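By convention in this document, chain letters (A, B, ...) are assigned in the order of the sequence lines, proteins followed by strands, and residues within each chain are numbered from 1. Heavy atoms only: backbone and side chains are in, while hydrogens, waters and symmetry mates are out. Computed from a predicted structure; not experimentally measured.
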Amino acid sequence: MTKKQRYEFVLDWFEHHMPEAETELLYDNAFQLLVAVILSAQCTDKRVNMTTPFIFARYPDAPALAKATFDELFPIIKSISYPNNKTKHLIGMAQMLMERFGGEVPHTVEELVQLPGVGRKTANVITSVIDAQPNMAVDTHVFRVSARIGLTTNAKTVLQAEQQLIKSIPKEKIHITHHWLILHGRYTCVARKPKCEICGLTQACKYYKTMND
DNA sequence: ATCCCGAGGG
DNA sequence: CCCTCTGGAT
């Protein structure tokens, strides 16, 4: 089975079996999305959505957030994972937005990753969501699921996985495929004991094959 | 008890 | 490359 055939099989199954997403990050603009994604590491969207309204009310844009102090922002996000790091990252991010990017969220991955708290995964989310750029944000779910079902081959790093996925998935399907891979990884193809009994991809799955030969 | 939709630093 | 940062959900 070629990667193209494998992808087409996977896509078809996803289209017919994947439920609509329940929770998603709430935002009104690029700045808000950037804040929300930075906060989302190791944390549910639901919990992020509970805190962002308070952040956006007090710090609606980069100029406001750049002037925030650690002590006033920390309490707002203290119930999110890594509050110390995230508080510093958010303020530092806003300050760099002011210093280098005119207070606006930049539109390229190369610029975005310069911002504190913004790595490749976050930058790919921003560019793909805001500008519909055909970028694949590879998080732990996308990495694991792609490897198991053979959408990637021997990818050692998330960057390698990203490049392989970009190559084998049609541009216009990257965004939705990313979403499906996340959902599949979260609910079915979980890290520990994947629920292969409810998965329709087993006939194409490398992981399933190695576990059952 | 154990796991989780990252990023930065050594 | 490996470690740390962290609280909340289950």
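- Atom pair A:Asn124:CG and B:dG6:C1' shows a separation of 13 Å (rounding to whole Å applied).
- B:dA7 atom C1' lies 17 Å from atom CD1 of A:Ile91, rounded to whole Å.
- By the 5.5 angstrom centroid cut-off and the 30-degree plane limit, A:Tyr82 is classified as not stacked against the base of B:dA7.
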Pairs: protein N or O with nucleotides 8-10 of chain B N or O, under 3.5 Å:
residue	atom	partner	partner atom	Å
B:dG8	OP1	A:Gly117	N	2.7

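- Rounded to whole Å, the distance from CZ on A:Phe143 to C1' on B:dC4 is 17 Å.
- Listed nucleotides C:dG7, B:dA7, B:dG6 differ in distance to A:Thr122; the shortest reach to its side chain belongs to B:dA7.
- Taking the charged nitrogens against the carboxylate oxygens, A:Lys173 and A:Glu15 do have a contact shorter than 4.0 Å, which makes a salt bridge.
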CA sep, side-chain torsions, deciding dist, call: A:Leu39, A:Leu90, side-chain contact (heavy atoms from CB on, under 4.5 Å): CA-CA 9 Å; A:Leu39 291 176; A:Leu90 286 183; 3.8 Å; yes
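- When rounded to the nearest whole Å, the span between CD1 of A:Ile126 and P of B:dG6 equals 14 Å.
- Within 4.0 Å of A:Lys78, counting heavy atoms only, lie sugar-phosphate atoms of the nucleic acid but no base atom.
- Scanning residues 37-53 of chain A for heavy-atom distances under 4.0 Å to DNA chain C yields A:Gln42, A:Arg47.
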Working for side-chain contact (heavy atoms from CB on, under 4.5 Å), residues A:Leu181 and A:His141: CA-CA 7 Å; A:Leu181 288 171; A:His141 288 321; over 6 Å; no
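- If you measure from atom CG of A:Asn85 to atom P of C:dC5, you get 9 Å, rounded to the nearest angstrom.
- Residues A:His184 and A:Trp180 keep their aromatic ring centres 6.0 Å or farther apart.
- A 4.5 Å side-chain heavy-atom check between A:Gln163 and A:Lys167 finds every atom pair outside the cut-off.
- For A:Ser79, the listed nucleotide lying nearest its side chain is C:dG8; candidates were C:dG8, C:dC5, B:dC4.
- In this structure, A:Phe70 places its CZ atom where more than 12 heavy-atom neighbours from other residues, nucleotides or ligands lie under 6.0 Å away.
- The distance from atom CD1 of A:Ile80 to atom C1' of B:dC4 is 14 Å, rounded to the nearest whole Å.
- Using a 4.5 Å heavy-atom threshold, the side chains of A:Phe14 and A:Leu201 count as touching.
- Atom-to-atom, CG of A:Asp139 to C1' of B:dG6 comes out at 9 Å; the value is rounded to the nearest Å.
- Contact check for A:Ile182 versus A:Val145: no side-chain heavy atoms found under the 4.5 Å cut-off.
- Taking atom NZ on A:Lys86 and atom P on C:dC5, their separation rounds to 15 Å, with Å as the unit.
- Among the protein residues, A:Ala137 comes within range of no part of the nucleic acid, since none of its heavy atoms lies under 4.0 Å from any strand.
- Heavy-atom nearest nucleotides on DNA chain B were determined for A:Ala123 and for A:Val190, and the one closer to the 5' end corresponds to A:Val190.
- For A:Asn212, the CG atom sits in a packed shell: over 12 heavy atoms of surrounding residues, nucleotides or ligands are nearer than 6.0 Å.
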